[in-house]
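Structure first, commentary second.
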There are 2 protein chains.
Amino acid sequence: MESQPNEATKHRLGDLQLAIMRVLWHHGEAAVADVYEALREERGLAPTTVATMLVKMEKKGVVSHRTEGRKFIYRPQVSESAVRRSMVSEIKDRLFQGNTTAFVSHLLAEHDLDATELQRLKAAIAEKEGR
Amino acid sequence: MESQPNEATKHRLGDLQLAIMRVLWHHGEAAVADVYEALREERGLAPTTVATMLVKMEKKGVVSHRTEGRKFIYRPQVSESAVRRSMVSEIKDRLFQGNTTAFVSHLLAEHDLDATELQRLKAAIAEKEGR
DNA sequence: GCGATAGTACTACCTTGGTAGTTCAAGAGT
DNA sequence: ACTCTTGAACTACCAAGGTAGTACTATCGC
C-alpha cells in the first residue's frame, strides 16, 4: 500500500488542480498532452507544468495513471461530486459555522438570481419537501 | 502609502487568518493576547504564531493596528460580508462555473436541511420575489 | 532600583501549489 | 543506422500560509 496522504485532505484542490480534474472528469481519462491542449487556451502553461502537477496529484491520490506506449494516461480517482461536496462543506464550515441555511440565504441575498431562477429553486425546495 | 497587495487577492484568507478575523470581527478590535486567548481552546497555538500571522495580515492589508502602551491593538480592515461575498464567489466560479442556481441546488440536494429550514428558505425566496 | 514579566521583532523552517527548464531515452521517419 | 521528435524524470524556484523559537526591551510589582 503506497500510503496516500490523508483522506480528509484529499479533496482540497488548488486552482490548477481543479482545472486539470475538470478535464479528466469530462474526458474520463487523458494523456498529459491532451490535458495540456485542453488548458492551453485559458491558461497557456508549459507542458511540463501540467505534467509536474499531474505527478503531484498522483502522489496525493487524486488521479492515477497507466502507460500506453510511452505515454501516461491519467484518470480521476476522486469524483467531481465528492470534491464539490467536501469543498462546499469546508467553506460552509469556515464561513457560516456549518449552517447550510445561512449559506443559502447568503447566496440568495448577495448573488444575483433572476425570476426564472428563483422559480426553479422554489420548485426544487417543493420537491425536496415532497419526500 | 504603503503599497498594499492587490485588492482582488485581499479577500483570500487562509484558515488561521479567517479564525483570527472572526475574533476581530466579533470584538471590533483586540490585542494579540486577546486573539491568542480566544483561539487557545480550539487551536492551542503559540502566542508568537498569532502575532506573526497578524503581522503578515497587516502587510496584506486585511488588518491594521494602533499602539496602546506597548501592546498592539488590531482591527479588521475588511468586513466579514466582503470576505464572505468574495470567497463564496470564488468557489462558485471554480466549482459551478459561476452559476448561482447550480450552487444553491447543490446545497439543497447534498447538504442536510430540515423542514423548518426549508420553510425559512421558501420565505426568503418569496420575499425576494416580492420586490 | 531591580528583577520578573509581557510584548514585539526577527529569523527560521516546513508544506503546498504553481511554474518551468534541462536532461535523457524511446521511438518514428527516412 | 541515424537523426528528429516526443515524453517523462529530475531539479529548481517562488509565494503564501502556518508554526514557533530566540532575542531584545519597556514596564510593573516590590
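Order of the sequence lines fixes the chain letters, A, B, ..., with proteins taken first and strands second; residue numbering starts at 1 for each chain. Fair warning: this is a prediction, and the values are worked out from it, not measured in the lab.
- For Lys56(B), whose side chain is taken as the heavy atoms from C-beta onward, the closest listed nucleotide among dA20(D), dG18(D), dG17(C) is dG18(D).
- In terms of position on DNA chain C, the residue among Leu18(A) and Arg70(B) whose nearest nucleotide sits closer to the 5' end is Arg70(B).
- Take the nearest nucleotide of DNA chain C for Leu45(A) and for Gly69(A): the residue whose nucleotide is more 5' is Leu45(A).
- Nucleic acid contact class of Ala51(A) (heavy atoms, under 4.0 Å, all strands): none.
- The shortest distance between the side-chain N/O atoms of Lys71(A) and the OP1/OP2 oxygens of dG27(C) is not below 4.0 Å.
- Residue contacts shown for Val32(B) are limited to sugar-phosphate atoms, with no base heavy atom under 4.0 Å away.
- Other residues, nucleotides and ligands place no more than 12 heavy atoms under 6.0 Å from the CD atom of Glu41(A).
- Around atom CZ of Arg40(B), no more than 12 heavy atoms belonging to other residues, nucleotides or ligands sit under 6.0 Å away.
- The shortest distance between the side-chain N/O atoms of Thr49(A) and the OP1/OP2 oxygens of dA20(C) is below 4.0 Å.
- When the C1' atom of dG17(D) is taken as reference, atom CE of Met87(B) falls 13 Å away, rounded to whole Å.
- Residue-to-nucleotide contacts include no donor-acceptor pair under 3.5 Å from the side chain of Thr52(B) to the base of dA9(C).
- Here the side chain of Gln17(B) is nearest to one of dG17(C), dA20(C), dG18(D), namely dG18(D).
- Summarising the geometry, the separation between CG on Leu54(B) and P on dT19(D) is reported as 14 Å, rounded to the nearest angstrom.
- Atom-to-atom, CG of Asp15(A) to C1' of dG17(D) comes out at 16 Å; the value is rounded to the nearest Å.
- Summarising the geometry, the separation between CZ on Arg12(B) and P on dA15(D) is reported as 16 Å, rounded to the nearest angstrom.
- Asp114(A) CG: more than 12 foreign heavy atoms inside a 6.0 Å radius.
- In this structure, Met53(B) places its CE atom 20 Å from P of dA12(C), rounding to the nearest Å.
- With dT25(D), dG18(C), dA26(C) as the choices, the nucleotide that has an atom nearest any side-chain atom of Leu16(A) turns out to be dG18(C).
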